[in-house]
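Here the structure is laid out as structure tokens; the discussion comes afterwards.
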Amino acid sequence: MRETPVPATGQPRTPYRRRLLGRRLPVLLAAALVLTLLGPFGTFADLTLAQRLAYWCGLIGLGGLAFELLTLAAGHRLRERAGAWRVMLVGVILAVAALMTLTVALLERTLRGMDFLRPLGLAELFVYVVLVTLLVSAIPVWLELRDRGLLAGSTPPPSPPVPDNAPAPPAQPTFLARLPARLGRDLLALEMEDHYVRAHTAEGSDLILMRLRDAIAELAGLDGMQVHRSHWVAAAAVAGVERKPDGKLVLVLRNGLRVPVSRSYATAVREAGWTEKAGP
């Protein structure tokens, strides 16, 4: 299972590779081993240990791959729709179950001579496949929803009343609301990583599933600029500038991060006065 079992209505706080290797693959492997040892649905009596291992590892692996690809595709399509993850999750589970039902039916007819390729047989098999899919995906899905903050049931306390004559607080860029609380709101830079944007703040960094250009659009009102096709930098984050032997600029940020400036953005950086800042 890849990108996420849910779309980005909430943002994952753990990088995808760590979620995949640390959560999903171990769960899939454990499920395959348990099913191999228990041998449900008659596989214990009809198949040897090696056959059961190949049978269940193959089915669990194929189902996990299908689940991952479908959630990835649906997540990208529905990531702008808040609350859509519930409908998407149900749809993905049913789609995977339908695919695996047909796969199991063909496998059973080939391997054990059992004929499920009829309406009642497919319906019965579909129920079993749904149950296995739910059992195998329950833990990874729960962890993913928790990681994205989509399981929080508590509501924030009501804000204190504001006097009618009080000035309205300045609106913050909408992108800042995507940052995990532990990173604060002192945004230093954005860096593109595949389909993600890595947000750097004074407290650390984290990945957010969105395009860099969309993130920059949500930063309207914050003093900063794009300095490279893969980088955006806040003006207040620049502590100094380095010049490479080939004449290219490198911005040195307050946290020590070095950000390259491409030639197409160098003029704008100079006009903004960033090159006049003292080096670190």
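Throughout, numbering of the chain's residues begins at 1 and tracks the sequence. The figures that follow rest on heavy atoms only: side chains count, while hydrogens, waters and symmetry mates do not.
At most 12 non-hydrogen atoms from other residues, nucleotides or ligands lie less than 6.0 angstrom from CZ of Arg213. The number of heavy-atom neighbours closer than 6.0 Å to CZ of Arg109, taken from other residues, nucleotides and ligands shown, is 12 or below. More than 12 heavy atoms of other shown residues, nucleotides or ligands fall within 6.0 angstrom of atom CG in Asp115.
Take Ser205 and apply the side-chain hydrogen bond (donor to acceptor under 3.5 Å, both in side chains) test, not counting sequence neighbours, and it matches Arg198. The ring-ring contact (aromatic ring centres under 6.0 Å, His included) search around Tyr128 returns Phe41, not counting sequence neighbours. With sequence neighbours excluded, no residue satisfies side-chain hydrogen bond (donor to acceptor under 3.5 Å, both in side chains) with Tyr265. Contacts of Arg112 classified as salt bridge (Lys or Arg N to Asp or Glu O under 4.0 Å), with partners at least two apart in sequence or in another chain: Asp46, Glu108. Listed by chain and residue number, Ser264 satisfy the side-chain hydrogen bond (donor to acceptor under 3.5 Å, both in side chains) test with Ser262 (two or more places apart in sequence, or in another chain).
Atom CZ of Arg211 and atom CD1 of Ile216 lie 12.0 Å apart (nearest 0.5 Å). Atoms SG and CG, on Cys57 and Leu29 in that order, are 6.5 Å from each other to the nearest 0.5 Å. To the nearest 0.5 Å, atoms CZ (Arg178) and CG (Asp206) are separated by 13.0 Å. Between Leu49 atom CG and Phe44 atom CZ the span is 8.5 Å, to the nearest 0.5 Å. With values rounded to the nearest 0.5 angstrom, Gln51 atom CD is found 12.0 Å from Thr36 atom OG1. If you take CG on Leu131 and CG on Leu135, they are separated by 6.5 Å, rounding to the nearest 0.5 Å.
Inter-residue side-chain proximity for Leu107 and Leu59 is flagged as met; some heavy-atom pair is nearer than 4.5 Å. The closest side-chain heavy-atom distance from Leu190 to Leu219 is below 4.5 Å. No side-chain heavy atom of Val252 sits less than 4.5 Å from a side-chain heavy atom of Val238.
When every heavy atom of Ala215 is checked against every heavy atom of Val197, the shortest pair comes out as CB-CG2, 4.4 Å. Nearest heavy atoms, Ala32 versus Trp56: O-CB, 3.9 Å. Contact between Arg185 and Pro180 at its shortest, heavy atoms only, is NH1-O, 4.0 Å. Shown here for Asn255 and Thr201, the closest heavy-atom pair between the two residues is ND2-O, 4.3 Å. Here the shortest heavy-atom pairing between Val227 and Trp274 reads CG1-CZ3, 3.9 Å. Of all non-hydrogen atoms in Gly39 and Arg52, the two that sit nearest each other are CA-CD, 4.0 Å.
Hydrophobic clustering, with ILVMFWY side chains joined whenever heavy atoms are under 4.5 angstrom apart, keeps Leu120 apart from Met114. At a threshold of 4.5 Å between side-chain heavy atoms, the hydrophobic network of Ile, Leu, Val, Met, Phe, Trp and Tyr places Met192 and Leu183 in two separate groups. A chain of hydrophobic side-chain contacts below 4.5 Å, direct or via other Ile, Leu, Val, Met, Phe, Trp or Tyr residues, connects Leu47 to Phe116. Side-chain heavy atoms closer than 4.5 Å link hydrophobic residues (I, L, V, M, F, W, Y) into clusters, and following such links, even through other members, never connects Leu28 to Leu33. In terms of hydrophobic clustering, with Ile, Leu, Val, Met, Phe, Trp and Tyr side chains grouped at heavy-atom distances under 4.5 Å, Leu117 and Leu125 are assigned to different clusters.
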Only distances under 3.5 Å count here; give the side-chain donor-acceptor pairs of residues 94-105 to other protein atoms, sequence neighbours excluded, each with its distance to 0.1 Å.
residue: Thr101; atom: OG1; partner: Ala97; partner atom: O; Å: 2.6
residue: Thr103; atom: OG1; partner: Leu99; partner atom: O; Å: 3.0

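In summary, of the residues considered (His200, His228, His231), a side-chain hydrogen bond (donor to acceptor under 3.5 Å, both in side chains) with Glu191 occurs for His200 alone. Among Leu251, Leu187, Leu188, the one residue that satisfies the side chain to side chain contact (heavy atoms under 4.5 Å, CB included) test with Val233 is Leu251.
Using modelled atom types, no side-chain atom of Arg182 and backbone atom of Glu203 make a donor-acceptor pair closer than 3.5 Å. Side-chain atoms of Arg258 never come within 3.5 Å of backbone atoms of Val250 as a donor-acceptor pair (strictly under, hydrogens ignored).
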(message) Before you tell me yes or no, could you show the steps for Leu222 and Phe175 under side-chain contact (heavy atoms from CB on, under 4.5 Å), namely the whole-Å CA-CA distance, both residues' side-chain angles and the distance that decides it to 0.1 Å?
(response) CA-CA 10 Å; Leu222 188 63; Phe175 177 82; over 6 Å; no

